[in-house]
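Reminder, nothing fancy here: chain letters follow the sequence lines and each chain counts from 1.
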There are 2 protein chains.
Amino acid sequence: MSKVLIVEDDEVIAQGMARHLTAAGFDPVCVNRGDLGLQRLRFEHPAVCVLDLMLPGIDGWRFLETARAEGLGTPIIVVSARGTEHDRVHALEIGADDYLVKPFSMKELVARVKAASRRGVRTESVERGERIEIEELVIDPREVQAYIDGESAGLTPTEFKVLYQLALDRGRVVTREELLQKIWGRRQMYRDRTVDVCVKRLRDKIDRRASQHTFIQTRFGVGYKLEAQAK
Amino acid sequence: MSKVLIVEDDEVIAQGMARHLTAAGFDPVCVNRGDLGLQRLRFEHPAVCVLDLMLPGIDGWRFLETARAEGLGTPIIVVSARGTEHDRVHALEIGADDYLVKPFSMKELVARVKAASRRGVRTESVERGERIEIEELVIDPREVQAYIDGESAGLTPTEFKVLYQLALDRGRVVTREELLQKIWGRRQMYRDRTVDVCVKRLRDKIDRRASQHTFIQTRFGVGYKLEAQAK
DNA sequence: CCGTGTGTTCACGCGATCGTCACCTCCCCT
DNA sequence: AGGGGAGGTGACGATCGCGTGAACACACGG
């Protein structure tokens, strides 16, 4: 469920961590360069970040400093082969949340990732993500609301989630199964019209103004798609 | 500044920790029994708790379990002479935020306490901070009071904290969980109406004047939001 | 020891929300 | 052109969220 960003240049270790985190119910993403990791940290907001200190691109120290300077609050767990007291204290001082010395047990890593994600509740529901603007439609995750021509669309939480999910993949067709899975947490549907009804209500609210114009398009037999123009 | 609760039965170690934490700008409080520590954790809400596992009264394990079961969200750093992988993993699993094996360096302890308090579950220090003005509403952190048209609203400390928290993120929807965590230091809520009641009283006090006008808006199924206009 | 101020929990009730269903419309394929 | 199935639409009912008033718990000051 929760995403974990692994910034580690050793393929073997990264894969091992990913495997164990997956088994524990996390959704790990691996990156082998510091600069790439920083970019992904900025855009997709993972619940936790596991960071190696020795990295190509930019090293872990600069990674930490930059991330904190930019105000990114993601819990960061440093893993490193070097584990002198000075290293540990310094990393913690400049913004690390935890420090594990290699070699470490995967069990402990998983436990510490769990602990970090547990307390990082704050990005769970609100706050994550930028506003998305598509023509006169503005989708604001911070307010959990959408606006048309600056006027609130009065979306309910579920409606908003659907719209936001479509907006994250705007231009792409999103299947019903995907929506049902991500928003309702259901696995399979036999004849479930839940999504359809929700989309209808959504359309009633956001397509009302610009008549003749529908933001949410239907892909027959597949799913729904939100218009792509990023304004 | 920030209070740190030290639950440790060895006087010498406790005093050492207290001394170093004081030097680092913390306000340590020592307790030598588990049951007493738990009471103080419940009563005064420290920013961080440092917990030894071997204790008279109730031991650290039960301390951890009880605190978390009660929904107390204070970051807890476990320190222990026993440091097997199993111990560490288990402690983290049942709610510890960090685990240090004795003997440890005081520098590292301080660094980890800093890291834990940094991601501060709660906004302990209300004192610093600018006044926030929203139309005729003035929120003054120094006075711990709000004013409407220059007249005191007579807010209680808790009411003020809620208002201030909303004001810091004005325009953004703040979830109940977030408020409960930041102000009351609880992590999970089962069916807790504390926030609702507090908000009701807040509204009674600050919305009284400008009738027809509510500063605090409800986002159904999500949380509360304070009006955005910075005057 | 008892009022008072403050904070938390409880119980009730209304209204918002959301899933389901039935029926209708439209698309796609043959 | 017609049939079957996918999707749109409107309505209904159960549930849940939350406002509200009151009871309850607790520390403080006299």
Side-chain angles (χ1 to χ4, degrees), chain A residues 125-126 144-146 152-163 165-166 173-177 179-181 183-208 214-225, chain B residues 39-40 42-45 70-72 122 144-146 152-163 165-166 173-186 188-208 211 214-225:
Chain A
S125 47
V126 194
V144 195
Q145 189 56 272
S152 170
L155 301 186
T156 67
T158 308
E159 286 159 9
F160 178 84
K161 284 185 210 157
V162 171
L163 179 61
Q165 200 60 49
L166 289 173
V173 178
V174 182
T175 66
R176 286 149 214 284
E177 284 79 3
L179 289 170
L180 211 52
Q181 154 94 28
I183 294 167
W184 283 269
R186 306 188 196 173
R187 273 291 153 173
Q188 55 184 3
M189 58 165 194
Y190 174 54
R191 265 260 182 210
D192 198 329
R193 309 297 308 283
T194 305
V195 179
D196 306 58
V197 176
C198 189
V199 167
K200 176 227 183 319
R201 289 180 180 141
L202 241 181
R203 289 211 258 233
D204 285 348
K205 289 178 182 175
I206 68 174
D207 285 341
R208 203 178 1 158
T214 177
F215 284 105
I216 302 175
Q217 287 155 19
T218 305
R219 254 286 173 289
F220 203 94
V222 188
Y224 297 100
K225 174 181 93 141
Chain B
Q39 287 195 5
R40 301 197 66 155
R42 277 190 279 250
F43 174 58
E44 38 199 311
H45 297 254
E70 287 179 17
L72 298 170
R122 218 168 41 267
V144 193
Q145 190 53 268
S152 171
L155 301 186
T156 67
T158 306
E159 284 160 8
F160 178 82
K161 284 186 206 162
V162 171
L163 179 60
Q165 198 59 48
L166 289 172
V173 177
V174 182
T175 64
R176 285 153 218 283
E177 285 81 359
E178 211 175 324
L179 289 170
L180 209 52
Q181 176 174 315
K182 289 193 175 169
I183 293 167
W184 283 269
R186 303 185 204 175
Q188 54 182 2
M189 62 168 192
Y190 177 51
R191 287 213 171 206
D192 200 326
R193 309 295 308 282
T194 305
V195 179
D196 305 58
V197 177
C198 188
V199 167
K200 176 224 181 327
R201 289 215 259 267
L202 242 179
R203 287 210 259 232
D204 285 347
K205 289 178 182 174
I206 68 175
D207 285 341
R208 201 178 5 157
S211 50
T214 177
F215 284 105
I216 302 175
Q217 286 158 18
T218 304
R219 207 61 194 73
F220 205 96
V222 187
Y224 296 101
K225 179 183 95 157

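- You'll find that the side chain of A/D192 is closest to C/dT20, out of D/dG8, C/dT20, C/dT8.
- Within the 4.5 Å cutoff, the side chain of B/L155 has heavy atoms near those of the B/I206 side chain.
- Rounding to the nearest 0.5 Å gives a distance of 9.5 Å between CG of A/L163 and CD of A/Q145.
- When each of B/E178, B/R176, B/Q165 is tested with B/Y224 by the rule side-chain hydrogen bond (donor to acceptor under 3.5 Å, both in side chains), just one qualifies, namely B/R176.
- The residues A/K200 and A/D196 are annotated as not salt-bridged, no charged nitrogen and carboxylate oxygen being separated by less than 4.0 angstrom.
- When the P atom of D/dT20 is taken as reference, atom CG of B/L202 falls 13 Å away, rounded to whole Å.
- Mapping A/R219 and A/K200 onto DNA chain D via the closest heavy atom, the residue that lands nearer the 5' end is A/R219.
- Rounded to a whole Å, the NZ atom of B/K161 is 8 Å from the P atom of C/dG7.
- A sub-4.0 Å separation between OP1 or OP2 of C/dC18 and a side-chain N or O of A/T158 is present.
- Judged purely by distance below 3.5 Å, without hydrogens or angles, the side chains of A/T218 and A/R203 pair a donor atom with an acceptor atom.
- Atom-to-atom, CD of A/Q145 to C1' of C/dA16 comes out at 14 Å; the value is rounded to the nearest Å.
- Whole-Å rounding puts the B/E159 CD to C/dT8 P distance at 10 Å.
- Residues A/W184 and A/V162 form a side-chain contact, since some pair of their non-hydrogen atoms from C-beta on lies under 4.5 Å apart.
- Between C/dT8 and B/W184, a contact under 4.0 Å exists linking OP1 or OP2 to a side-chain N or O.
- Atom CG in A/L179 sits roughly 12 Å away from atom P in D/dG7 (whole-Å rounding).
- Distance CZ (B/F160) to P (C/dT6): 15 Å, rounded to an integer number of Å.
- Side-chain proximity of A/Y224 to the nucleotides D/dA6, D/dG8, D/dG19 is greatest for D/dG8.
- Nucleic acid contact for B/R201: base, since at least one base atom lies under 4.0 Å from a heavy atom of the residue.
- The phosphate of C/dC18 (OP1 or OP2) has a side-chain N or O of A/T156 nearer than 4.0 angstrom.
- At the heavy-atom level, B/V162 lies nowhere under 4.0 Å from the strands shown.
- Within 4.0 Å of A/V199, counting heavy atoms only, lies no atom of the nucleic acid at all.
- Checked against C/dG7, C/dC12, D/dG8, the side chain of A/R193 finds its nearest nucleotide in D/dG8.
- When the nucleotides C/dG7, D/dG8, C/dA16 are ranked by their closest atom to the side chain of B/F220, C/dA16 comes out on top.
- Nearest nucleotide to the side chain of B/R203, out of C/dT20, D/dG19, C/dC18: D/dG19.
- Remark: A/T218 is not in phosphate contact with D/dA6, judged by side-chain N or O atoms under 4.0 Å from OP1 or OP2.
- Distances were taken from every side-chain heavy atom of A/T194 (C-beta onward) to each of C/dC10, C/dG19, C/dT17; the shortest belongs to C/dG19.
- Spacing between atom CG of A/D196 and atom C1' of C/dC23 amounts to 15 Å, rounded to whole angstrom units.
- With rounding to whole Å, B/K205 atom NZ is found 11 Å from C/dG5 atom P.
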